[in-house]
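This report refers to the structure that appears directly beneath it.
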Amino acid sequence: MLQDQPNIQSMLEQVETIERAAQSKELEYAEVLSRIHPNLLASAKNLIHYRTLRSFDIRELQKQLGRMGLSRLAKAEGHTMASLSVTATILRALLLGEFVEKERVNLTITKAQEIVRTHTRKLLGYRTEGRRTRIMVTLPGEAAEQPELVYEMVQKGMNCARINCAHDGPEAWKKMIANVRTASRALGVHCQVAMDLAGPKIRTGELQPGLKVRRFKTPKDSLGRVKQPVEVWIAPAPHPTKPYPHLPLSSVELKKMKPGDKLHCRDTRHKKRQFRVAKVLDDGCLAEAYRTVYLGEGSQLFTDKKLKSRPLTVGVLPPLEAPILLTTGDTLRIHRSNELGESAKYDDNGQLTDVAHISCTSEEVFEQVKVGEPILFDDGQIEGVIRKVKDGELYVEILHTKEGGGKLRADKGINFPDSNLSIRGLTTKDRKDLPFVAEHADVVNLSFVNSPQDVRDLIDELSQLGAANRIGIILKIETQAGFDNLVDILLEGMAVYPIGVMIARGDLAIEAGWDQIGRVQEEIMSLCQAAHLPDIWATQVLENLAKKGIPSRAEITDAVMAQRAECVMLNKGAYITQAIGLLDSILRSMGPYQEKNAPMLPAMEGAKRRK
């Protein structure tokens, strides 16, 4: 039992050693600290103190402190020197038998929490009453033309609207922002606008277009029986607010339809099919089909069963995407040229005549990757290895896909986790988009931050535009290099105010490894807390719900855990308003008084089903 007794003298010496090291490190960073924005100076010093603490292995010290019923320094991120000082004072009192109080440290626990709230409010706006964590939502392209959709998103609880500059353009962005501002005024709330610079992300190029055909599929049960009809919006334009499948028809005959009427056709398979009109509105009608229907551009529908009436002709349909199906063992050719990608080709005897191929949006990778290095597509859904590098082409052997093969589509991310790529900083497109962002947005999101220089480049550009310290900055950490350099990245960014961090878990998981992403995420949150900077929990939050209308159990748990961050980001999807509503409900259930890594515990009671 004696060996289990704590050595208070040794414990005190270790704590004092850490205190001295933290003070020494602060002096070492004096030149860096001289450039920090005044509102962030105390926070920058605390970040340095915390990183110094984490350079020590204090697990045995924590174990001994815990056995004595003392704080184990596990929650010291936001107030490192205060926690060390209090711990040293208690140990000194136990050792000497008297209480000797040292000079008070200004950055107390309460003060640290207050600073985080202030910085978060400055960057992300005011929180919604009843919850601490903000909600950021990526606006879909439809938000430019559908102000009622944006209104509903703000009404459901969106605090910050995110616009991705990789898609659409200035005209659409301007409409989106106007719709956000209008909805905010109408609802009496303030919703921030954040714009993502596209950054140097490597993506797949365009594919050969597919057929101009629409499939209206009826949902079936496990026995193959139709559970319910498929609802189809028949009108010249898509439905303004609902994600109904759209059949474009432009004819005066539509205005004569009434509920119960039927439209008959022979679909592209020459099978007899019909739609039953369920609801008629001024700009179209909602119809139901009880059997799957395939219709192409130019297909005809008739109001009589014998197909003798004046036909209604299907209008312009966008071509279907023709993804490349890849299975284990296949070869994929990636090329520098803009040739449209397509699947592998076979002759009449089933012999392969040409492997599948697709272009890559970054020309630099062809000079920087090596044979034997891994390559991943679409957030790691498809894995391969580079087998040959030749004349602006990479030949990749596919090593892993999901069962039945993986579909590679256009504009999907490509990652080279083990390659030493020098693709960094603001792109030409980013510099072109930045004047618009600086003029119209509240926050600019810097994608793929890898080094302090990336941050400096953005700040220099904003300074030239007169927007530094006027527009907020969010640094997106989505690479291993970004994580490795995070302390220096944060200190560089803290030269301006306000600033925050987004944990972009998709690419980061691929770069760091699936087995490491949990630890990496926690480390980023800890460093943000030490710097008193708001962090945004992003990527795949309630993704199934946003895209398919039904959440998975795992993503509900993920959403609950996300309340530890200052903000949670949802991506766009057909059911995004439902996703916002559920996330708002989850965050409200945690209450407005939660603190990072320190949940407030209400009286325990049974769960109440949400109506």
Side-chain angles (χ1 to χ4, degrees), residues 1-34 36 40-119 486-488 490-491 494 522-533 564 595-600:
M1 293 293 293
L2 289 177
Q3 69 261 25
D4 291 335
Q5 296 300 313
N7 185 332
I8 297 176
Q9 179 67 46
S10 175
M11 295 167 64
L12 178 58
E13 290 175 357
Q14 187 172 359
V15 172
E16 290 177 335
T17 297
I18 296 171
E19 284 185 298
R20 288 193 295 272
Q23 292 164 350
S24 177
K25 185 63 72 173
E26 181 182 327
L27 293 175
E28 185 181 322
Y29 272 86
E31 195 275 330
V32 174
L33 291 172
S34 69
I36 300 297
L40 295 171
L41 182 57
S43 302
K45 290 179 179 179
N46 188 71
L47 172 61
I48 294 169
H49 298 157
Y50 177 71
R51 187 62 187 89
T52 305
L53 168 65
R54 291 297 306 276
S55 69
F56 290 84
D57 186 344
I58 62 170
R59 285 175 291 184
E60 186 58 36
L61 172 63
Q62 288 180 302
K63 188 187 300 181
Q64 296 292 341
L65 289 170
R67 287 174 178 170
M68 297 171 64
L70 302 178
S71 167
R72 299 189 309 133
L73 301 174
K75 310 294 183 187
E77 296 97 329
H79 36 80
T80 303
M81 292 302 284
S83 295
L84 289 169
S85 178
V86 169
T87 301
T89 298
I90 294 173
L91 292 174
R92 203 173 287 113
L94 291 172
L95 186 66
L96 302 176
E98 58 180 345
F99 183 78
V100 180
E101 186 176 16
K102 293 182 65 178
E103 181 181 351
R104 287 186 178 273
V105 178
N106 290 330
L107 194 56
T108 62
I109 295 175
T110 301
K111 181 65 174 176
Q113 293 171 347
E114 180 184 328
I115 291 173
V116 174
R117 287 194 290 268
T118 299
H119 294 344
L486 185 55
V487 172
D488 290 334
L490 294 180
L491 290 171
M494 292 169 80
E522 291 300 313
E523 296 284 16
I524 295 174
M525 293 183 71
S526 294
L527 290 171
C528 288
Q529 186 174 1
H532 307 135
L533 298 180
R564 297 162 55 218
E595 297 296 340
K596 293 169 72 71
N597 301 322
M600 304 294 288

message = If you apply the rule side-chain contact (heavy atoms from CB on, under 4.5 Å), what do you find for Val15 with Leu61, and how did you get there?
response = CA-CA 9 Å; Val15 172; Leu61 172 63; 4.0 Å; yes
note = Hits for ring-ring contact (aromatic ring centres under 6.0 Å, His included) against His119, two or more places apart or cross-chain, chain-then-number order -> Tyr497
Would you please name every residue forming a side-chain contact (heavy atoms from CB on, under 4.5 Å) with [X], sequence neighbours left out?
{"X": "Lys63", "value": "Glu60, Arg67"}
{"X": "Arg51", "value": "Arg54, Ser55, Val487, Leu527"}
{"X": "Ala21", "value": "Thr52, Phe56"}

task = Would you check, one step at a time, whether the test side-chain contact (heavy atoms from CB on, under 4.5 Å) holds for Glu522 with Arg564?
result = CA-CA 11 Å; Glu522 291 300 313; Arg564 297 162 55 218; 2.7 Å; yes
So [Y] and [X], do their side chains get closer than 4.5 Å, heavy atoms only?
{"X": "Ser43", "Y": "Ile115", "value": "yes"}
{"X": "Thr87", "Y": "Leu70", "value": "no"}
{"X": "Gln23", "Y": "Met81", "value": "yes"}

Atom [atom1] in [X], atom [atom2] in [Y]: separation rounded to 0.5 Å?
{"X": "Ser85", "Y": "His79", "atom1": "OG", "atom2": "NE2", "answer": "13.0 Å"}
{"X": "Ile48", "Y": "Leu53", "atom1": "CD1", "atom2": "CG", "answer": "14.0 Å"}
{"X": "Tyr29", "Y": "Asp488", "atom1": "OH", "atom2": "CG", "answer": "4.5 Å"}
{"X": "Ser83", "Y": "Lys75", "atom1": "OG", "atom2": "NZ", "answer": "11.5 Å"}
{"X": "Arg92", "Y": "Met11", "atom1": "CZ", "atom2": "CE", "answer": "13.0 Å"}
{"X": "Leu33", "Y": "Leu40", "atom1": "CG", "atom2": "CG", "answer": "11.5 Å"}

query = side-chain contact (heavy atoms from CB on, under 4.5 Å) between Met68 and Ile8: does it pass, once the steps are laid out?
reply = CA-CA 10 Å; Met68 297 171 64; Ile8 297 176; 4.3 Å; yes
message = Once salt bridge (charged side-chain N to carboxylate O under 4.0 Å, His left out) is applied, do any residues pair with Lys25, and if so which ones, sequence neighbours excluded?
response = Glu28
request  = Carefully, step by step, assess Leu65 and Ile58 under the rule side-chain contact (heavy atoms from CB on, under 4.5 Å).
outcome  = CA-CA 10 Å; Leu65 289 170; Ile58 62 170; over 6 Å; no
Distance-minimising heavy-atom pair for [X] and [Y]:
{"X": "Ala112", "Y": "His532", "value": "CB-NE2, 3.7 Å"}
{"X": "Met494", "Y": "Ile36", "value": "O-CG2, 3.5 Å"}
{"X": "Ser526", "Y": "Tyr50", "value": "CB-OH, 3.5 Å"}

query = Does Gln62 use its side chain to pair, donor to acceptor, with the backbone of Arg72 at less than 3.5 Å?
reply = yes
request  = Using side chain to side chain contact (heavy atoms under 4.5 Å, CB included) as the criterion, point out the one residue from Asn46, Ile18, Leu47 that pairs with Thr80.
outcome  = Asn46
key: side chain to side chain donor-acceptor pair (under 3.5 Å) involving Glu26 - partner list, sequence neighbours excluded   = His49
